Structures are given as C-alpha cells and as structure tokens.
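First comes the structure, then the notes that go with it.
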Amino acid sequence: MTLHTADDAGIAAAADHLHTGGLVAFPTETVYGLGADATQDDAVAKIFAVKGRPNFNPLIVHVGRPDWLAGLAEPDGRVDVLTRAFWPGPLTLVLPRRPDTPASKHVSAGLNTIAVRQPAHPIAAKLLAASKRPLAAPSANLSGHVSPTLADHVQADLGDKIDMILDGGPCQTGLESTVLDLTHDTARILRLGAIQPADIADLIGHVADGSSTANDDAPVSSPGQLAKHYAPSLPVRLNAASGEDKEAFLGFGKASASTLNLSPSGDLNEAAARLFASLRELDNPARFRGIAVAPIPKAGLGLAINDRLRRAAQGR
Ligand code: TXA
Ligand code: MG
C-alpha cells in the first residue's frame, strides 16, 4: 500500500524512504509533489523516469526554511524582500545555481540556474524538517497529465511506481506555484500562479511577463511552459455557453445545466482549487466526447486559471 496517513509515523517512514533514495509523494498547498532527496543524483534521476518527464525540463527544489537557499543559489538582492513576503507559499524563485551546491545537477536539467520554493503545507513542512534535505519535487502526475490535487490522483498516475504517498486531503490552492525568474535585472514571470505579478512588482519594481511566450519550438529557458502540459485526453473547448452533443460542461458562476461547476458563487479561489480535480473527473471518454468550459474572468487568479485551461485546450 503506497497511500499513507501523514501522522508522525508516516512522516518518519517517508523521511527514511527519502534518505535511502526513494520517491515520496506529498501534499503541498498548490498540488501534490513527487519528492526525492535533491542531493542524490540517482533519486532525482528516478523522478524523471517514473514521470516520463523529458530530461530538459528542470525541477523545483523545496526547502524547509528560507536560509537553506544560501546553499543552493547565488545571492540576489531581491530575494529577501520576496521570501519575507511570500514564503512559505506558492512562489518559486529561479536563480543562478551555486557552482558548489550539493544539489544534483539533474534538478537543473543542464541549465546553470536552480528553482527553489518553501511550501506552506504543514505536511510538506514536517517532511522537510524530518528529512533535513532539500527535496526535488515536480507535480506528482505522469508527464503531460493534469497536476494532482488529491492523493487518489497520485495513486492513479504513479501509485505502482513510487515508495509512498502521504495523504493530506485536497490541496487548498489547486494551481501550481508562480515561477519568477530572477536571473536577469528585469524579473520575469515564467508561470502564472496564486502569487500575483502586481504584488511582486510592488516589492521589486517592474516584472516582465514571460508566461505565455514559450512554445514547443522555443529555446528552453522556461521549459515547463511547453504548451503540451496539463492536458486531459478529451478535447477541451473554452469560453463555452453550454455543452453540445455529448460534451461535458464545466460551469462557473450561475451557469445553467453544468455537469460540474467550478464555483456556483463565482469565487475564483474555489474555482482554482477545484479545476484539476474537475478536469480529471470529466476526462471520461466512455461518457463524454469533449469538455466544454464556461468563461472564467480574466483578472487576478482568473489569469492563472485561464492559462491552465488554454494549455488543457492546446494539449492534445
Ligand atoms: O506548485 C508547484 O510548483 C508544484 C509543487 C509540487 O511545488 N511543483 C510543480 O513542479 O509544479 P513542476 O515540475 O510540475 O513544474 C515546475 C516548473 C516547470 O515549468 C519547470 O520548467 C520550471 O518550474 N522550472 C524548474 N526549474 C527551472 C529553472 N531552473 N529555470 C526555469 N524554469 C524552471
Ligand atoms: Mg508539473
């Protein structure tokens, strides 16, 4: 049985697996991560193997405290104010990699940069404290699938290939972290998430938006932004008024006749938290021919939701 309650015994067993080079899925506030000791080459390589992840797509390294960052990345004047404001939480910082860092070269996938975040979920925090190691952790789904927001999603994608899944119930935020590139003078958003660009700009000045420019043929400075991510197997049609001809209809607000509704009250936080689980549930070719999705407001958290929906619609 890979699925395990995240009590003290579960955390201790998970830390043992990590120390001996195993893979442990654990909840974060955004989505479930597939963790390995970031300092062990073989363990990190296994992440790529079980996910079927292309070896050019680097991994986020999760830390238990902001001061772990100093051993991983070169110092940067903007880090302090950002980590004080947003850590622990869904902001990933991309920084120049310290040449002498103990982190496996595989986490950077050939780049001279490293992505780091401190997750806020109490189970993630306990696991990091118990393992005392930075943890490399991509979303715990098969490469190209929708990210997991329930332990059952991880079980379905990877259950027979990993050592353990710590069950922490549903993830609160439901969308992957905001990724911010700090390797140039102008900071740049590589992936939209719950931390808003405007709130980052308030602290460090102008922030460029690189979240929609990357595509499959572009050089891989932000490899995870390949359009082919986050895709269900059924076709996804956006900004739909209703479902047509055997389409499931994913509603929002007071949409009529929806198969599922992301948030009947029109709350974007609730919609984000439910998005991936809803897409997984509706992705059922035995019942539906496609998934039609109601329009989601294109502001605030709605921008990140629309970003994931656009990828889901392009992904096949
Ligand atoms: O919320 C999250 O970020 C979740 C949880 C588990 O922390 N993790 C996650 O990991 O979404 P993953 O691997 O699914 O997405 C990481 C993203 C990818 O788009 C990847 O290309 C990008 O971060 N990334 C990682 N390292 C990078 C680097 N050195 N430079 C540029 N982009 C990087
Ligand atoms: Mg992912």
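Predicted, not measured: the structure shown is a model, and the values here were computed from it. In this chain, numbering begins with 1 at the start of the sequence shown. We use all heavy atoms of the structure for the numbers below, so side chains are in, but hydrogens, waters and symmetry mates are not. In listed order, ligands and their atoms are each counted from 1.
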Is Asp307 paired with Arg310 through a side-chain N to carboxylate O contact shorter than 4.0 Å? yes

Which pair of non-hydrogen atoms, one from Leu142 and one from Lys161, has the smallest distance, and what is that distance? CD2-NZ, 3.6 Å

Within ligand 1, which atoms have a heavy atom of His62 less than 4.0 Å away? 5 (C), 6 (C), 7 (O)

Within the 4.0 Å heavy-atom shell around Leu190, which atoms of ligand 1 are there? 31 (C), 32 (N)

Quick one: look at Leu59 and ligand 1, take heavy-atom pairs under 4.0 Å, and tell me if it's side chain, backbone, both or neither. backbone

Which ligand 1 atoms are under 4.0 Å away from a heavy-atom of Gly33? 6 (C)

Test item, Arg97 contacting ligand 1 (heavy atom, 4.0 angstrom): no

Option whose closest heavy atom lies nearest to atom 2 (C) of ligand 1, chosen from Pro27, Gly193, Ser177: Ser177

Taking atom 25 (C) of ligand 1 as the point of reference, which of Ala109, Ala136, Pro58 owns the nearest heavy atom? Pro58

Pair Asp152 + Arg280, salt bridge at N-O below 4.0 Å: no

Restricting to N/O/S atoms, is Ser139 within less than 2.8 Å of the Mg ion (ligand 2) or not? yes

For Thr30, counting its heavy atoms only, list the atoms of ligand 1 lying under 4.0 Å from any of them. 1 (O), 2 (C), 4 (C), 5 (C)

At their closest point, which heavy atom of His19 faces which heavy atom of Arg133, and how far apart are they? NE2-NH1, 3.8 Å

So if I apply the side chain to side chain contact (heavy atoms under 4.5 Å, CB included) rule between Pro264 and each of Asp267, Asn261, Leu262, which one comes out positive? Asn261

In terms of side-chain heavy atoms, does Ser211 have a donor or acceptor partner in Asp209 at a distance below 3.5 Å? yes

So if I count the atoms of ligand 1 from 1 in the order they appear, which ones are less than 4.0 Å from some heavy atom of Arg53? 13 (O)

Checking salt bridge (charged side-chain N to carboxylate O under 4.0 Å, His left out) between Glu176 and each of Arg311, Arg117, Arg308, which is the one that passes? Arg308

Polar contact flag for Arg191 and ligand 1 (N/O pairs, less than 3.5 Å): yes

Would you say the side-chain atoms of Thr92 and Ser177 include a donor-acceptor pair closer than 3.5 Å? yes

Heavy-atom contacts with Pro138 under 4.0 Å: which atoms of ligand 1 show up? List them by number with element. 10 (O), 12 (P), 13 (O)

Can you confirm whether the side chains of Ser139 and Asn141 place a donor and an acceptor under 3.5 Å from each other? yes

Those atoms of ligand 1 less than 4.0 Å from some heavy atom in Thr113: 28 (C), 29 (N), 30 (N)

Contact check: Arg117 vs ligand 1, nitrogen or oxygen atoms, below 3.5 angstrom: yes

